[in-house]
Structures are given as C-alpha cells and as structure tokens.
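What you see is a predicted model; the values in this text were computed from it and never measured. Quick note: numbers below take in every heavy atom, side chains included, and nothing from hydrogens, waters or symmetry partners.
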Amino acid sequence: PGVFLKGTVLELLNTSHLVRDFDCGEPELNQYLRIEAAIHHKQGLSQTHVLRRTRDNKILAYVTLAAGVILVNAGEDGPKPSAVLNLGYVARDLSIRDNAVGKSLVNWVKHLAETLSSFVRIRGVMLSCYKGREEFYKSLLFEAITPWATEPGSGREQWTMFYELPIISSAPLPPII
C-alpha cells in the first residue's frame, strides 16, 4: 500500500521480511506472524500486512485481514449473509510505546473497507476482541455485537466487535442479527 508513517512502509508480508525479531509481548501473536501468517496466505485464508521501518527493515507492527460474512435481518426473507472485512490480528512491537501505530493501522483497515465498498458491497469491519482491549476498539467506533464468550482452547474471554461503514447508497441496510 505504500508509505504509512514517516520512515516506514506498509506492505504485504513476504519471504524477505525478518519476522523472527518481532515481539509484541504476546507469544500467540508473535507465533502467528512468524509461522502461521505465511501459511494462511498460501492457503488463501488471509493476508498479513507489515509496517516496516525502512532504515533497518524492522517490522514495527502487522495487521491480518480476511473476507468474512455476518447475518443481517432481511425481514420476511429471514437472515441473509452480508460481506465484511474481517480484521484478524493487529499487533505492534514492544519497541513502539503508544497506541498511535495500532490506531493508525485500524483506521487504515476502516479506510480500506470504505474503498472496497465502492466496488463490492461490504457492510463493515468485524473483529474478535479479547477482554481488556474493548475500550481501544470502542474509541475507534467499533461496537460489541455479541456478549463475552470464552474462546475454545485458550479459555480467554472475547467479544465480536463491528464497525459499520457509512451508508453509501440511499437504500437503508437491514439490521445485523
């Protein structure tokens, strides 16, 4: 996608990236970038974009995206699927001290969804949020659309959160169920 912040570039993860040095403080997210992101890309499941500092090629942050669907209430026709952009992971290296990079990446994803929606109808951006991070996403206009649930395997509590894109056409969208 090009220059993101001064002295950085946001680009699709590739084999030239030095992922082993990335450390966000969460082993699960580090492992995802180091091992699973490339596998998911090859399998067509998702794409990971890395924010790379140009002077030393250090990965400062990453975001993983995939296509997804949610069910909307289509009235008498019952629930119908509606396309969304699924924000899988956002992580920043411990060398980044504040949330500005994370917020910038999430705002980039929202802008990307808005751009895509002018070509293909996309309802918004959906993500799963671990307990304790909901205020970060609420500050970026995401709303919880499911109650807290326990993630299988990890036992961590999470919400599904959603950012609904502004309506582009004059026809109102059916409500999410």
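The side chain to side chain donor-acceptor pair (under 3.5 Å) search around S16 returns N14, not counting sequence neighbours. Applying the side-chain contact (heavy atoms from CB on, under 4.5 Å) test to A83 and every residue at least two apart in sequence or in another chain returns nothing. Here T160 pairs with M126, S128, I145, T146 under the side-chain contact (heavy atoms from CB on, under 4.5 Å) rule; sequence neighbours left out. Remark: L141 pairs with K110, Y163 by the side-chain contact (heavy atoms from CB on, under 4.5 Å) rule, at least two apart or across chains. R53 is linked by a salt bridge (Lys or Arg N to Asp or Glu O under 4.0 Å) to D56, counting only residues two or more places apart in sequence or in another chain. A search for side chain to side chain donor-acceptor pair (under 3.5 Å) contacts involving D21 returns nothing, not counting sequence neighbours. With sequence neighbours excluded, no residue forms a side chain to side chain donor-acceptor pair (under 3.5 Å) with N86. For K58, the salt bridge (Lys or Arg N to Asp or Glu O under 4.0 Å) partners are D93, not counting sequence neighbours. Every residue two or more places apart in sequence or in another chain that forms a side-chain contact (heavy atoms from CB on, under 4.5 Å) with S46 is listed here: Y32, H40, T64, A66.
Rounded to the nearest 0.5 angstrom, L29 CG and D23 CG are separated by 10.5 Å. The CG atom of L71 sits 11.0 Å away from atom CZ of R123, with the distance rounded to the nearest 0.5 Å. W159 contributes atom CH2, which lies 4.0 Å from atom NZ of K138 (distance to the nearest 0.5 angstrom). One distance of note links CG of L60 with CD1 of I96; it measures 4.5 Å at 0.5 Å rounding. The distance from atom CZ of R55 to atom OG1 of T8, rounded to the nearest 0.5 Å, is 11.5 Å. Rounded to the nearest 0.5 Å, atoms SG (C129) and CZ (F162) are 15.0 Å apart.
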How far apart are the C-alpha atoms of V125 and M161, what are their side-chain angles, what is the distance that settles it, and do they pass the side chain to side chain contact (heavy atoms under 4.5 Å, CB included) test?
-> CA-CA 8 Å; V125 179; M161 298 187 79; over 6 Å; no
Would you please test L87 and V63 for side chain to side chain contact (heavy atoms under 4.5 Å, CB included) and show each step?
-> CA-CA 7 Å; L87 196 164; V63 59; 4.2 Å; yes
Full working for salt bridge (Lys or Arg N to Asp or Glu O under 4.0 Å) between E11 and R52 | CA-CA 8 Å; E11 56 196 9; R52 177 180 57 83; 2.6 Å; yes
So E143 and E164, side chain to side chain contact (heavy atoms under 4.5 Å, CB included) or not? Walk me through it.
-> CA-CA 9 Å; E143 295 181 19; E164 188 161 10; over 6 Å; no
Given L65 and T48, is the side chain to side chain contact (heavy atoms under 4.5 Å, CB included) satisfied, shown in steps?
-> CA-CA 6 Å; L65 303 172; T48 297; over 6 Å; no
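Between the N30 side chain and the C24 main chain, a donor and an acceptor come within less than 3.5 Å of each other.
The stretch residues 51-82 participates, sequence neighbours left out, in these ring-ring contact (aromatic ring centres under 6.0 Å, His included) pairs: F22-Y62.
Pairing each heavy atom of K103 with each of S139, the nearest pair is CE-OG, 3.9 Å. In terms of heavy atoms, P166 sits closest to E114 at CD-OE2, 3.9 Å. In terms of heavy-atom proximity, V69 sits nearest to V84 at N-CG2, 3.7 Å. The minimum heavy-atom distance linking A37 with L13 is given by the pair CB-CD2, 3.6 Å.
As a member of the Ile/Leu/Val/Met/Phe/Trp/Tyr network built from side-chain separations under 4.5 Å, I35 groups with I39. Other members of the hydrophobic cluster containing F119, listed by chain and number, are V120; membership follows side-chain contacts under 4.5 Å among ILVMFWY residues, whether direct or relayed.
Counting heavy atoms from C-beta outward, L18 and R20 have side chains that approach closer than 4.5 Å.
One hydrophobic cluster holds both L112 and I122 under the rule that ILVMFWY side chains link at heavy-atom gaps under 4.5 Å. Linking Ile, Leu, Val, Met, Phe, Trp and Tyr whenever their side-chain heavy atoms come within less than 4.5 Å puts F136 and W108 in one cluster. Residues Y137 and V101 fall within the same hydrophobic cluster, defined by Ile, Leu, Val, Met, Phe, Trp and Tyr side chains chained together at heavy-atom separations under 4.5 Å.
L85 pairs in a side chain to side chain contact (heavy atoms under 4.5 Å, CB included) with only one of the listed residues (V109, L127, L165), which is V109.
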